[in-house]
> 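Here it is: the structure, laid out below.
Keep in mind the model is a prediction, meaning the values are calculated, not measured. By convention in this document, chain letters (A, B, ...) are assigned in the order of the sequence lines, proteins followed by strands, and residues within each chain are numbered from 1.
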Amino acid sequence: MARRYWLMKSEPETFSVEDLARAPKKTTGWDGVRNYQARNLLRDEIQVGDGVLFYHSSADPPGVAGTAEVARAGYPDPTQFDPKSNHYDAEAKRDEPRWYMVDIKHAQTFPALVPLPLLRGTPALRDMVLLRKGSRLSVQPVTADEWKTIVALGTKR
DNA sequence: GCCAACGTTGGC
DNA sequence: GCCAACGTTGGC
């Protein structure tokens with residue numbers, strides 16, 4: 001299957017693209033997603049090798065900060081079973097997990113973040129899920145063209 | 001800090 | 001099954 005592309009949001013104060021670059025093996029588990037639409041993507045769609053746009057949300061300015069690659073496809077998020085976790089879900093059962101996660105590995109930190117206003121002002125990105133009014137999905141699909149456009153914006157100097 | 005938009009919950 | 005209330009997200 002062809003490589004696909006995704007965008008994942010993180011608040012940089014919590015976990016930034018720089019944090020990912022410094023992580024062991026430059027890899028982290030993308031746990032804690034508690035939205036069914038995003039869960040379905042994590043569980044069913046996202047494959048090893050897929051490209052990830054690393055988006056800094058609630059930042060000043062928000063924007064795409066770099067890229068990552070999927071290092072492990074969907075598997076049950078263990079934090080759902082951990083009563084001490086913020087992401088604990090008393091309804092989730094081990095033989096029937098409710099929440100899934102993937103692992104991602106740092107690929108590139110852009111020399112300069114691609115800010116949200118620039119994304120909005122780029123005609124090729126007109127239809128991006130991210131830019132739709134009210135769109136809040138923390139894991140969302142990106143087309144190959146959108147990927148190409150944003151990586152070009154992020155890497156040109 | 002504000003608030004619009006969205007998802008979830010629970011009473012009925 | 002409807003929908004009001006609530007909690008969360010995330011830009012500004």
> Rounded to the Å, how far apart are Leu130(A) CG and dT9(C) C1'?
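Distance check: Leu130(A) CG to dT9(C) C1' gives 13 Å.
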> Would you say the side-chain atoms of Arg98(A) pair up with the backbone N or O of Gln80(A), donor to acceptor, closer than 3.5 Å?
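No; zero donor-acceptor contacts below 3.5 Å.
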> Let me know the distance between OH of Tyr55(A) and C1' of dG10(C), rounded to the nearest Å.
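It is 8 Å, rounded to the nearest whole Å.
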> Between dT8(C), dG11(C), dT8(B), which nucleotide gets closest to the side-chain atoms of Leu116(A)?
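Looking only at heavy atoms from C-beta outward on Leu116(A), the closest nucleotide is dG11(C).
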> If you only use heavy atoms from C-beta on, which nucleotide in dA5(B), dG10(C), dC12(C) is closest to the side chain of Arg136(A)?
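Shortest atom-to-atom distance from the side chain points to dA5(B).
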> Starting at atom CZ of Arg98(A), determine the distance to atom P of dT8(B), rounded to an integer number of angstrom.
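Atom CZ in Arg98(A) sits about 10 Å away from atom P in dT8(B).
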> If I take atom CG in residue Leu119(A) and atom P in nucleotide dC12(C), what distance separates them, rounded to the nearest angstrom?
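Between P of dC12(C) and CG of Leu119(A): 11 Å.
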> Does Lys9(A) place a side-chain N or O at less than 4.0 Å from the phosphate oxygens OP1/OP2 of dT9(C)?
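Lys9(A) to dT9(C) OP1/OP2: no side-chain N or O under 4.0 Å.
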> Quick one: does Arg39(A)'s side chain have a donor or acceptor within less than 3.5 Å of a partner on Val33(A)'s backbone?
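No; zero donor-acceptor contacts below 3.5 Å.
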> Whole Å only: how far is the CD atom of Gln140(A) from the P atom of dG7(B)?
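Atom CD in Gln140(A) sits about 13 Å away from atom P in dG7(B).
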> Please report the distance, rounded to the nearest Å, between NE2 in His56(A) and P in dG10(C).
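Value for this atom pair: 13 Å.
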> Rounded off to whole Å, could you give me the CG-to-C1' distance for the Leu137(A) and dG7(B) pair?
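Interatomic distance, CG of Leu137(A) to C1' of dG7(B): 11 Å.
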> Looking only at the side chain of Tyr36(A) (C-beta and beyond, no hydrogens), which of the listed nucleotides dC12(C), dT8(B), dC6(B) gets closest?
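The nucleotide sitting nearest to the side chain is dT8(B).
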> So, does His56(A) use its side chain to make a donor-acceptor pair with the main chain of Val17(A) at under 3.5 Å?
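Confirmed, His56(A) side chain pairs with Val17(A) backbone.
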> May I ask you to decide if Leu137(A)'s main-chain N or O and Lys9(A)'s side chain share a donor-acceptor pair within less than 3.5 Å?
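Side chain of Lys9(A) to backbone of Leu137(A), a donor-acceptor pair under 3.5 Å: yes, one is there.
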> May I have the distance from Met8(A) (atom CE) to dG10(C) (atom C1'), rounded to whole angstrom?
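One finds 19 Å between C1' of dG10(C) and CE of Met8(A), rounded.
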